[in-house]
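The model shown is predicted, which means the values in this text are computed figures rather than measured ones. Because only heavy atoms are used, hydrogens play no part in the values below, and waters and symmetry mates are left out as well, while side chains stay in.
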Amino acid sequence: MSFFKKLFKNVIRDRDPKDDTVTVKGKPKPKYYGTVTPYPNFNASSDASVLQTAIESKGVDEDVVIAMLVKRSNEQRQKIKVVYEASTGKSLNKSLKAALRSHLEDVSLALLMAPPHFDAHLLRKATKRLGTDEDVLVEVLATRSNQEIQEMKKVFKEEYKTDLEDVIKVETSGDFTTALLAMLKANRAENTEVDMDLARRDAKTLFEAGENTNGVNVNAFIDILTTRSGPQLSKTFQQYACVSDITLPKALDMKLKGDIEDCLSDIVKCSWNTPAFFAEKLHLAMKGHGTCEDTLTRVLVSRSEIDLKKILEQYRAMYDVNLQEDIVKDTKGHYRDILLGLCGPH
């Protein structure tokens with residue numbers, strides 16, 4: 001948490017959305033910060049054949065499987081799956097499940113899922129086990145776009161024959177349920193324009209909802225934090241520092257407890273710096289005794305074609321060590337190799 005304590009100690013600096021764009025043919029386009037890129041001269045038939053040989057060889061050639069999965073984009077992997085099934089009459093998922101073991105199997109199967117299916121799988125896993133994994137629910141819903149949330153909900157309904165909202169209502173309670181359902185509405189503004197008047201009004205509303213009352217108006221926090229864009233919230237946090245002697249995360253820590261505090265604090269973190277949020281997740285997964293392989297797999301797979309380059313940079317800045325170095329220390333074998341492959345060359 002030390003990085004975020006430092007981050008919010010001072011008035012939050014301006015963040016320019018233009019930093020994340022590049023001009024192509026006179027038009028601004030988002031920069032690509034993924035570590036996995038489409039393989040040039042891609043041939044689904046050839047790749048499917050190579051995978052079949054690697055899977056069916058005596059002892060399984062894990063190195064070939066790993067190289068194939070981390071050097072192909074998700075879209076390319078989906079095409080390989082189709083060709084593999086057509087040419088062998090077998091499911092690639094089932095073939096890999098039978099051939100691989102343990103954490104390597106988990107990562108490989110995750111990489112074969114299209115993003116909406118992986119997200120739906122993560123939420124199902126987080127709500128199906130004995131005790132709900134609240135951190136995973138917040139992580140997924142707070143870091144996906146409106147479209148990604150809509151697609152995830154659709155897949156969840158198709159795969160598990162129930163609405164995600166209904167599962168959330170059963171598995172969670174109170175203000176935490178309200179916050180999750182608000183995120184599931186996929187109502188967050190996604191424009192990069194900032195309304196300074198709105199930022200000032202929201203800062204005042206949050207102050208009055210928290211510090212300036214005896215009881216906390218949690219709904220006011222939920223409404224603002226789940227509907228405003230990242231750049232807009234950054235300005236709101238900045239304005240909050242002008243009307244309060246303490247920062248918003250500190251106010252949340254003082255006034256709220258339990259799942260709802262963690263939820264709203266994570267939304268604040270994601271709004272300000274999503275890569276730093278994930279860098280902290282990865283660090284905590286390897287800190288101390290034991291390693292949380294589920295977190296390593298979830299984050300590296302889900303961010304490998306979005307912002308993993310940024311996460312790697314943040315990790316180095318926050319902990320003065322490369323993520324790859326910590327992965328080498330905390331994992332081993334082919335599982336280590338596929339995680340390093342997802343991180344790209346270094």
Side-chain angles (χ1 to χ4, degrees), residues 1-21 28 30 138-139 141-146 175-176 178-183 185-280 307 310 314 317-318:
M1 292 295 289
S2 60
F3 171 79
F4 285 104
K5 286 180 180 178
K6 291 177 184 176
L7 177 66
F8 289 116
K9 185 176 181 180
N10 301 311
V11 175
I12 296 174
R13 60 178 171 79
D14 286 342
R15 185 177 66 169
D16 189 352
K18 293 179 181 177
D19 292 342
D20 289 335
T21 62
V138 177
E139 175 190 314
L141 295 180
T143 59
R144 299 325 190 241
S145 68
N146 292 337
D175 293 327
F176 184 53
T178 303
L180 294 177
L181 292 177
M183 288 190 280
K185 289 179 181 178
N187 253 351
R188 183 180 294 281
E190 296 184 326
N191 57 311
T192 57
E193 298 296 322
V194 173
D195 184 333
M196 285 303 300
D197 286 337
L198 178 61
R200 283 188 282 267
R201 291 198 304 272
D202 282 350
K204 183 180 179 182
T205 298
L206 291 175
F207 175 75
E208 292 175 348
E211 297 178 55
N212 209 25
T213 60
N214 293 324
V216 181
N217 181 359
V218 179
N219 287 333
F221 281 93
I222 292 173
D223 179 55
I224 290 173
L225 294 180
T226 62
T227 59
R228 307 296 192 257
S229 70
Q232 183 68 39
L233 284 175
S234 292
K235 284 296 182 184
T236 299
F237 305 153
Q238 195 176 50
Q239 291 299 311
Y240 191 93
C242 296
V243 299
S244 171
D245 292 331
I246 60 176
T247 61
L248 183 56
K250 182 66 176 176
L252 292 174
D253 184 54
M254 291 172 61
K255 292 290 184 175
L256 300 173
K257 291 292 179 278
D259 294 335
I260 187 61
E261 178 202 344
D262 295 337
C263 174
L264 297 182
S265 294
D266 279 354
I267 294 173
V268 170
K269 293 178 184 180
C270 292
S271 300
W272 167 242
N273 191 329
T274 301
F277 169 77
F278 280 114
E280 185 189 39
D307 57 0
K310 282 188 171 184
Q314 287 287 346
M318 291 161 67

Original post:
When you look at Thr143 and Val138, which way does the side chain to side chain contact (heavy atoms under 4.5 Å, CB included) test go after all the steps?
Top reply: CA-CA 8 Å; Thr143 59; Val138 177; over 6 Å; no
**OP:** Kindly compute the distance separating NZ (Lys235) from CG (Leu198), expressed to the nearest 0.5 Å.
**Re:** 13.0 Å
Subject >> Contact check, side chains of Ile260 and Val218, non-hydrogen atoms, under 4.5 Å >> reply: yes
Subject >> Distance, nearest 0.5 Å, that separates OG1 of Thr236 from NZ of Lys204 >> reply: 14.5 Å
Subject >> Atom of Glu280, atom of Lys269 and distance for their closest heavy-atom approach >> reply: OE1-NZ, 3.2 Å
**OP:** State the CZ-CG distance between Arg200 and Asp195, to the nearest 0.5 angstrom.
**Re:** 8.5 Å
**OP:** For Leu225 and Arg188, work out which heavy atoms get closest and say how close.
**Re:** O-NH2, 2.8 Å
Original post:
Taking C-beta and beyond as the side chain, do Gln314 and Phe277 meet within less than 4.5 Å on heavy atoms?
Top reply: no
Subject >> Nearest heavy-atom neighbours spanning Gln232 and Ala199 >> reply: NE2-N, 3.3 Å
Original post:
In Å and rounded to the nearest 0.5 Å, what is the CD1 to CG distance from Ile224 to Leu206?
Top reply: 4.0 Å
Subject >> Considering all heavy atoms, the nearest Ala276-Met318 contact >> reply: O-CE, 3.7 Å
Subject >> Heavy-atom pair with the smallest gap, counting every atom of Ser234 and Ser271 >> reply: OG-O, 3.9 Å
Original post:
Do Asn217 and Thr205 pass the side chain to side chain contact (heavy atoms under 4.5 Å, CB included) test, and can you show the C-alpha distance, the side-chain angles, and the key distance before you say yes or no?
Top reply: CA-CA 10 Å; Asn217 181 359; Thr205 298; over 6 Å; no
Original post:
Are Asp175 and Phe221 close enough, and set up right, to give a side chain to side chain contact (heavy atoms under 4.5 Å, CB included), and what steps lead you there?
Top reply: CA-CA 11 Å; Asp175 293 327; Phe221 281 93; over 6 Å; no
Original post:
Are any side-chain N or O atoms of Ser244 and backbone N or O atoms of Tyr240, one a donor and one an acceptor, separated by less than 3.5 Å?
Top reply: no
Subject >> Distance, nearest 0.5 Å, that separates CD of Glu190 from OG1 of Thr192 >> reply: 11.5 Å
Original post:
Is there a side chain to side chain contact (heavy atoms under 4.5 Å, CB included) between Val243 and Glu208 once you walk through the steps?
Top reply: CA-CA 10 Å; Val243 299; Glu208 292 175 348; over 6 Å; no
Original post:
Thr226 and Ile222: which non-hydrogen atoms are nearest, and at how many Å?
Top reply: OG1-O, 2.6 Å
Original post:
What's the spacing between Arg228 CZ and Asn187 CG if we round to 0.5 Å?
Top reply: 11.0 Å
